[in-house]
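Just follow the structure's listing: the first ligand is 1, and inside any ligand the first atom is 1. As the structure is a prediction and not an experimental result, all values here were calculated from the model.
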Amino acid sequence: MTKTALRKIYREKRKALSLNEISQFSERIFENFINCFDLKDSQKIHIFLSVSKLREVKTKSFIDYCFQRNIRVFVPKMMGDSLISVEIFPETELEINSFGISEPRTNADSGEKFFDYIITPLLYCDEFGNRVGYGKGFYDRLFTQVENSLKVGVNFFPPDEIIENADKHDVPLDYLVTPDEVFSFGTL
Ligand SMILES: Nc1nc2c(c(=O)[nH]1)N(C=O)[C@@H](CNc1ccc(C(=O)N[C@@H](CCC(=O)O)C(=O)O)cc1)CN2
Ligand SMILES: Nc1ncnc2c1ncn2[C@@H]1O[C@H](COP(=O)(O)OP(=O)(O)OP(=O)(O)O)[C@@H](O)[C@H]1O
């Protein structure tokens with residue numbers, strides 16, 4: 001199927017989930033993540049600040065877990081067509097941008113080019129690790145700017161249909177974590 005078709009279907013599938021399901025699935029996703037990857041003190045995690053209205057995988061509890069465990073947390077902030085990566089702390093002030101996404105108030109780009117994990121939002125990921133997001137290519141651009149970072153998608157739904165029209169810009173994920181399973185792609 002095409003990205004456009006999959007984007008539509010998986011938006012609908014998300015909408016059909018209750019808020020309770022979203023919370024429970026999100027908890028299971030991060031339980032699986034923690035069990036599968038051996039997180040260590042001082043590691044760096046790049047992660048999105050989830051938007052509940054869009055029924056995204058909830059990241060707040062996991063971010064709090066990282067703060068407790070001394071794991072460094074970086075979040076994306078939109079700057080034109082690109083993302084900067086801002087390090088956040090429990091006291092960091094957030095504001096909602098014009099797309100309804102929470103972001104740090106500060107524009108202090110960490111300039112980091114390596115993260116131990118980049119936890120990636122998506123609408124759909126297929127069995128090759130190709131992903132469909134909101135369609136602006138932000139994460140594909142971010143992936144070209146970082147080195148050696150494990151790209152880990154999170155989704156409520158496992159791979160099903162193949163994405164037919166992945167193009168040269170699309171950077172596949174290394175892993176996908178769902179409430180039931182962790183999928184590994186490629187040679188990793
Ligand atoms: N929580 C979260 N933060 C994130 C992302 C994400 O998917 N989730 N991103 C992942 O890339 C980046 C932002 N990506 C965006 C991609 C498209 C639009 C956009 O065009 N919004 C339109 C239409 C929305 C729609 O299609 O429903 C709008 O709000 O008018 C906004 C942000 C960075 N931060
Ligand atoms: N590295 C890149 N440099 C320039 N343009 C890019 C790059 N990656 C993607 N694009 C452009 O961005 C647009 C959207 O890409 P795509 O449909 O893959 O988005 P997406 O992966 O669904 O969205 P997102 O990454 O924001 O979640 C396409 O027109 C694509 O050509």
Note to self: For D167, I'd like to know if atom CG has over 12 heavy atoms of other residues, nucleotides or ligands within 6.0 Å.
What the structure shows: yes
- Message: F138 versus ligand 2: do any nitrogen or oxygen atoms come within less than 3.5 Å of each other?
- Response: yes
Output for pair (I29 CD1, Q24 CD), nearest 0.5 Å, gives 12.0 Å
Honestly, for D170 the part within reach of ligand 2 (heavy atoms, under 4.0 Å) is side chain
So the atoms of ligand 2 within less than 4.0 Å of a heavy atom of Y134 turn out to be 22 (O), 23 (O), 27 (O)
for atom 25 (C) of ligand 1, nearest protein heavy atom and its distance come out as R11 NH2, 3.5 Å
Between K136 and D81, is there a salt bridge with N-O shorter than 4.0 Å?
no
For I101, the atoms of ligand 1 under 4.0 Å from one of its heavy atoms are 3 (N), 4 (C), 13 (C), 32 (C)
Using distance alone, with no hydrogens and no angle criterion, decide if R14 and Y10 have a side-chain donor and acceptor under 3.5 Å apart. no
**Under-4.0 Å heavy-atom contact between protein and atom 30 (C) of ligand 2** = yes
Nearest non-hydrogen protein atom to atom 14 (C) of ligand 2, with distance, is G135 O, 3.2 Å
Atom 23 (C) of ligand 1 protein-contacted (non-hydrogen atom, under 4.0 angstrom): no
| said: Looking at ligand 1, is there an atom of it that comes within less than 4.0 Å of some heavy atom belonging to K77? | reply: no
Ligand 1 atoms nearer than 4.0 angstrom to some heavy atom of L83 are 33 (C)
Stepwise side-chain contact (heavy atoms from CB on, under 4.5 Å) check, F74 with I45: CA-CA 6 Å; F74 297 77; I45 295 205; over 6 Å; no
Nearest non-hydrogen protein atom to atom 7 (O) of ligand 1, with distance, is Y134 CE1, 3.1 Å
Checklist line | N or O contact, D167 vs ligand 2, cut-off under 3.5 Å | finding: no
Ligand 1 to Y139, heavy atom cutoff 4.0 Å, flagged ligand atoms 9 (N), 10 (C), 11 (O)
When every non-hydrogen atom of P76 is compared with those of I47, the smallest separation belongs to CD-O, 3.3 Å
_Under 3.5 Å: N/O of S50 near N/O of ligand 1_ = no
Exercise. State whether any protein heavy atom lies less than 4.0 Å from atom 3 (N) of ligand 2.
Key: yes
Closest heavy-atom approach to atom 13 (C) of ligand 2 among K3, K136, R7 is made by K136
Original post:
Any link between I84 and V75 through a network of hydrophobic side chains (Ile, Leu, Val, Met, Phe, Trp, Tyr) touching at under 4.5 Å?
Top reply: no
If we number the atoms of ligand 1 from 1 as shown, the ones under 4.0 Å from a heavy atom of M78 are 13 (C), 32 (C)
Self-check item: Side-chain H-bond candidate by donor/acceptor type, S23 with K58, under 3.5 Å
Solution: yes
of all protein heavy atoms, closest to atom 5 (C) of ligand 1 is P121 CG, 4.1 Å
(message) Hydrophobic clustering (ILVMFWY, side-chain heavy atoms < 4.5 Å, transitive) - are Y65 and F30 grouped together?
(response) yes
The residue among F185, F183, F37 that forms ring pair (Phe, Tyr, Trp, His ring centres under 6.0 Å) with Y175 is F37
Tested for side chain to side chain contact (heavy atoms under 4.5 Å, CB included) against F48, the lone hit among I63, L83, V154 is V154
For atom 34 (N) of ligand 1, the closest protein heavy atom turns out to be P76 CG, 3.9 Å
re atom 8 (N) of ligand 1, the protein heavy-atom contact at minimum distance is E56 OE2, 2.8 Å
K77 and T106 have their tightest heavy-atom pair at NZ-O, 3.5 Å
Review point. Does I34 share a hydrophobic cluster with F25, counting links as ILVMFWY side-chain heavy atoms below 4.5 Å and allowing steps through other members?
Key: yes
Heavy-atom proximity to atom 7 (C) of ligand 2 ranks first, among K168, H169, M78, for H169
Only residue of D174, D140, D116 satisfying salt bridge (charged side-chain N to carboxylate O under 4.0 Å, His left out) with K151 is D174
min-distance protein heavy atom vs atom 30 (O) of ligand 1 -> F99 CD2, 4.1 Å
closest protein heavy atom to atom 17 (C) of ligand 1 is K136 CG, 3.3 Å
Closest to atom 14 (N) of ligand 1 among protein heavy atoms sits F138 CD1, 3.4 Å
shortest atom 27 (O) of ligand 2-to-protein heavy-atom contact is with R131 NH2, 2.7 Å
Under 4.0 Å from one or more heavy atoms of Y139, ligand 2 contributes atoms 25 (O)
### Message
Can you tell whether the side chains of E12 and K15 come within less than 4.0 Å, N to carboxylate O?
### Response
yes
The closest protein heavy-atom partner of atom 19 (O) of ligand 2 is G137 N, 3.2 Å
query: If we only count heavy atoms from C-beta on, is the V73 to F89 side-chain gap below 4.5 Å?
result: no
Near D140 (heavy-atom distance under 4.0 Å), the atoms of ligand 2 are 8 (N), 9 (C), 18 (O), 21 (O), 25 (O)
Practice task
State whether the side chain of E127 and the backbone N or O of P159 hold a donor-acceptor pair below 3.5 Å, judged by distance alone.
Solution key: no
Ranked by distance from atom 11 (C) of ligand 2, the top protein heavy atom is R141 NH2, 4.0 Å
**OP:** Using distance alone, decide if ligand 2 has a nitrogen or oxygen within less than 3.5 Å of any nitrogen or oxygen in G133.
**Re:** yes
